[in-house]
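These notes concern the structure reproduced below.
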2 protein chains.
Amino acid sequence: MRLVSGMRSVTALADLPQLERQTLSGTAYAALSDLLASGRLAPGERLSLRQSAAAFGVSVMPVREAVSRLVADGVLEVSPARVIRVPMMSQDAFRALAETRIAVEGIAAARTALRHSAEDLSAIRNAEAAFRSEAEATQPDRARAIQLNRDLHFAIYDACGLAPLREIIARLWLKAGPVINLDLRAHPERLRQGFALRRHAEALAAIEARDAPAAERAIAADIREAAEFILARGGLQDHSGGD
Amino acid sequence: MRLVSGMRSVTALADLPQLERQTLSGTAYAALSDLLASGRLAPGERLSLRQSAAAFGVSVMPVREAVSRLVADGVLEVSPARVIRVPMMSQDAFRALAETRIAVEGIAAARTALRHSAEDLSAIRNAEAAFRSEAEATQPDRARAIQLNRDLHFAIYDACGLAPLREIIARLWLKAGPVINLDLRAHPERLRQGFALRRHAEALAAIEARDAPAAERAIAADIREAAEFILARGGLQDHSGGD
DNA sequence: GCTAGTGATCTGTGATCACAGCTGACGGGA
DNA sequence: TCCCGTCAGCTGTGATCACAGATCACTAGC
């Protein structure tokens, strides 16, 4: 802490980008998160520590730590029989998750509308345009569309100015990811209906106009419509106890 | 899965309480969480895997997993020098955390006001009375008051009907816990000023009247006043770079 | 006297081993 | 033909060992 006073010769090194150590556990966590977010690990699917470790080319140790973090987040679950799987979500649970997202992401969008900077706005505009051009393509790439949709939403949330809030939303997306992607895989036609496009445009317009309630409504509608679409499809298990 | 059809004799066992296994990692996590929530681990304090393991009477393995979960939650941090410590929170970070709590917990309180059941309400009433009697005692027990305050807040949040939201709030409290408790330890006189008491009474009244905006305001005020009190005390490090 | 080098010690991380318990297929009995 | 006990092969969990790197007290050298 006496860097400034005593070590003037290396003062140029004082504020370096603080390159952080990359731990194997962290890498495994990122890899698993990606698998989940992209829907390549579907609800109900099992996961083996040793197999995953072999696939990643590491020992079970890092995978184990990554899995335990995912379990803590509720993105994976380990049954009493010691079986790791991505949880089946009941209709009720999915509905609760969607409502939570509506509330939390709505707040973030409203805040962004009020306090966004010029850079924030242009980032959001770019993200919206990127998603639009992909969704309106004659042959939309599903995986790419998912990624661009995510980019747009988080461009908005990044600008809300509350790091903890953004982090919460990231966790919620991790939880909802498998269900949403599984559905989109089964019913890719939703992309063409353009619901999301309209809501995104509304959100962008509201943010540009610094109209917080409108931004909140647009994001809420975006989430709600997607959730209702999935619930209508009935891919989720009924809470009344179907096996 | 053919329990019903083929094994009629044991059908009485079909819907047993699904007793869950207690893992050492889970126990360690609970123990560390408690240490953090009760403020016995102050911001900046270090933590050693081996020492903690020895203290708990287990190997480093379970502690390690517990710590990695806490780190994922941002409640602990591990520096590039591989030092585990509870993070120092800057004033800005604390302010952002408080604003996030105001938003999220406000939502939960508003929902509870609208949809609480009779049981919910009586649980909230009891919790409010318990905190009040402790806070108004001639010799308030600080640790007990903290616990009762927590009980009251979560009695309200439990009734909001959104499990994911409740979980988010629990994480936020874990994060804010060390700072709040450290401050309360240094300045116990805040308990006597009765700010919290007034806000709690307002929240209870609003919930009883099913007045969602008022409930949201009361909880927001409760959080905001506590945060401002702590910020005014100046125990947090300034973001401009004090060491 | 103060700085800079040095080595013992302790840190988290990762690999490997040991173990209890669940799973699921096989085979004997009704 | 169907049920049920049995056993091999997994599972996750926990302990232990190995290792690179950071810390900190100490000492040699200016």
- Glu134(B) side chain to Phe131(B) main-chain N or O, any donor-acceptor pair under 3.5 Å? no

- Query: Hey, does Leu231(B) have a side-chain heavy atom less than 4.5 Å from the side chain of Phe94(B)?
  - Reply: yes

- Message: If I take atom CG in residue Leu24(A) and atom P in nucleotide dA18(D), what distance separates them, rounded to the nearest angstrom?
- Response: 20 Å

Do any N or O atoms of the protein come closer than 3.5 Å to N or O atoms of nucleotides 10-12 of chain C, and which pairs are they?
from: dT11(C); atom 1: OP1; to: Ser48(B); atom 2: OG; distance (Å): 3.0
from: dT11(C); atom 1: OP1; to: Gln51(B); atom 2: NE2; distance (Å): 3.3
from: dG12(C); atom 1: OP1; to: Leu47(B); atom 2: O; distance (Å): 3.2
from: dG12(C); atom 1: OP1; to: Leu49(B); atom 2: N; distance (Å): 3.1
from: dG12(C); atom 1: OP2; to: Leu49(B); atom 2: N; distance (Å): 3.1
from: dG12(C); atom 1: N7; to: Arg50(B); atom 2: NH1; distance (Å): 2.8
from: dG12(C); atom 1: O6; to: Arg50(B); atom 2: NH2; distance (Å): 3.1
from: dG12(C); atom 1: N2; to: Arg82(B); atom 2: NH1; distance (Å): 3.4

- Heavy-atom side-chain contact between Glu65(B) and Arg64(A) under 4.5 Å: yes

- Message: When you measure from the side chain of Glu77(B) to the backbone of Ile84(B), do you find a donor-acceptor pair of N or O atoms at a distance under 3.5 Å?
- Response: no

- Task: With sequence neighbours excluded, tell me which residues meet ring-ring contact (aromatic ring centres under 6.0 Å, His included) with Phe154(B).
- Result: Tyr157(B), Trp173(B)

- Would you indicate whether the side-chain heavy atoms of Thr112(B) and Ile124(B) approach each other to under 4.5 Å? yes

- So which heavy atom on Arg115(A) is nearest to which on Cys160(A), and how close? CD-O, 3.2 Å

Validation: residues 24-31 of chain B side-chain donor-acceptor distances under 3.5 Å, sequence neighbours left out:
from: Thr27(B); atom 1: OG1; to: Thr23(B); atom 2: O; distance (Å): 3.1
from: Tyr29(B); atom 1: OH; to: Asp73(B); atom 2: OD2; distance (Å): 3.4

- Item | Gly74(A) versus Pro87(A), closest heavy-atom pair with distance | O-CG, 3.8 Å

- Message: If a pair means Watson-Crick or G-U wobble with both distances below 3.5 Å, what does DNA chain C look like in dot-bracket form, with | marking bases paired to a different strand?
- Response: ||||||||||||||||||||||||||||||

- Check each residue of residues 57-69 of chain A for a non-hydrogen atom within less than 4.0 Å of any atom in DNA chain D, then write out the ones that pass by number, or none. Arg64(A)

- Main-chain N/O of Gly44(B) paired to Arg85(B) side chain as donor or acceptor, under 3.5 Å: yes

- Item | Side chain proximity check, Ile169(A) to Val104(A), heavy atoms < 4.5 angstrom | yes

- Nearest heavy-atom pair of Asp222(B) and Ala196(B): which atoms, and what distance? OD1-CA, 3.7 Å

- Query: Among residues 25-34 of chain A, which contact DNA chain C at a heavy-atom distance under 4.0 Å?
  - Reply: Ser25(A)

